[in-house]
Amino acid sequence: MVSHTSPKAPTGSPEVRQRPLLTPEEAAERLNVTLRFIRRLCHERRVPYTKVGKLVRFDPDELEAWIADHRIVPRG
């Protein structure tokens with residue numbers, strides 16, 4: 001018989017360890033913008049976010065990547 005459960009990785013391995021998801025308030029604080037602006041970015045699907053049931057959450061690594069992707073490099 002084949003087991004359909006996925007193997008569990010060791011708890012201390014770096015692949016398993018993740019930073020906790022951010023709330024919209026925490027994301028707004030991290031970006032130094034208003035909560036209203038964060039909600040607008042989500043509504044316009046301009047920022048990566050995750051829905052957990054009805055709740056909106058932000059992966060800190062994805063948020064950092066999004067910031068880096070939208071960086072404007074000065075001409076010179």
Side-chain angles (χ1 to χ4, degrees):
M1 178 176 247
V2 177
S3 174
H4 294 290
T5 60
S6 61
K8 293 185 179 184
T11 308
S13 71
E15 296 86 0
V16 174
R17 193 182 76 195
Q18 292 182 341
R19 293 166 35 188
L21 296 176
L22 302 174
T23 64
E25 292 82 5
E26 292 168 333
E29 184 176 320
R30 176 143 328 166
L31 295 176
N32 198 27
V33 298
T34 64
L35 179 58
R36 181 177 176 163
F37 184 67
I38 290 292
R39 288 182 176 149
R40 189 174 106 203
L41 290 174
C42 290
H43 178 74
E44 296 172 355
R45 296 180 182 256
R46 293 172 46 196
V47 65
Y49 64 91
T50 301
K51 293 278 293 219
V52 181
K54 292 181 179 181
L55 305 175
V56 174
R57 295 292 183 258
F58 299 89
D59 182 316
D61 296 328
E62 287 182 359
L63 202 55
E64 294 296 326
W66 179 79
I67 292 167
D69 288 346
H70 288 82
R71 184 173 185 275
I72 307 297
V73 180
R75 296 182 199 174

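Worth saying up front: this structure is predicted, and the values here are computed from it rather than measured.
- Hydrophobic clustering (side-chain heavy atoms under 4.5 Å, transitive across Ile, Leu, Val, Met, Phe, Trp, Tyr) keeps L31 apart from L35.
- A pairwise comparison of heavy atoms in P60 and P20 identifies CG-O, 3.4 Å as the closest pair.
- Counting heavy atoms from C-beta on, the side chains of V56 and I38 never come closer than 4.5 Å.
- Environment of CD in E29: sparse, with no more than 12 heavy atoms of neighbouring residues, nucleotides or ligands closer than 6.0 Å.
- With hydrogens and angles disregarded, no donor-acceptor distance shorter than 3.5 Å links the side chain of H43 to the backbone of R39.
- With a 4.5 Å cut-off on side-chain heavy atoms, F58 and P48 do not count as touching.
- Within the 4.5 Å cutoff, the side chain of F37 has no heavy atoms near those of the C42 side chain.
- Applying the side chain to side chain donor-acceptor pair (under 3.5 Å) definition to pairs two or more places apart or across chains, those involving residues 45-61 are R19-D61, E44-R46.
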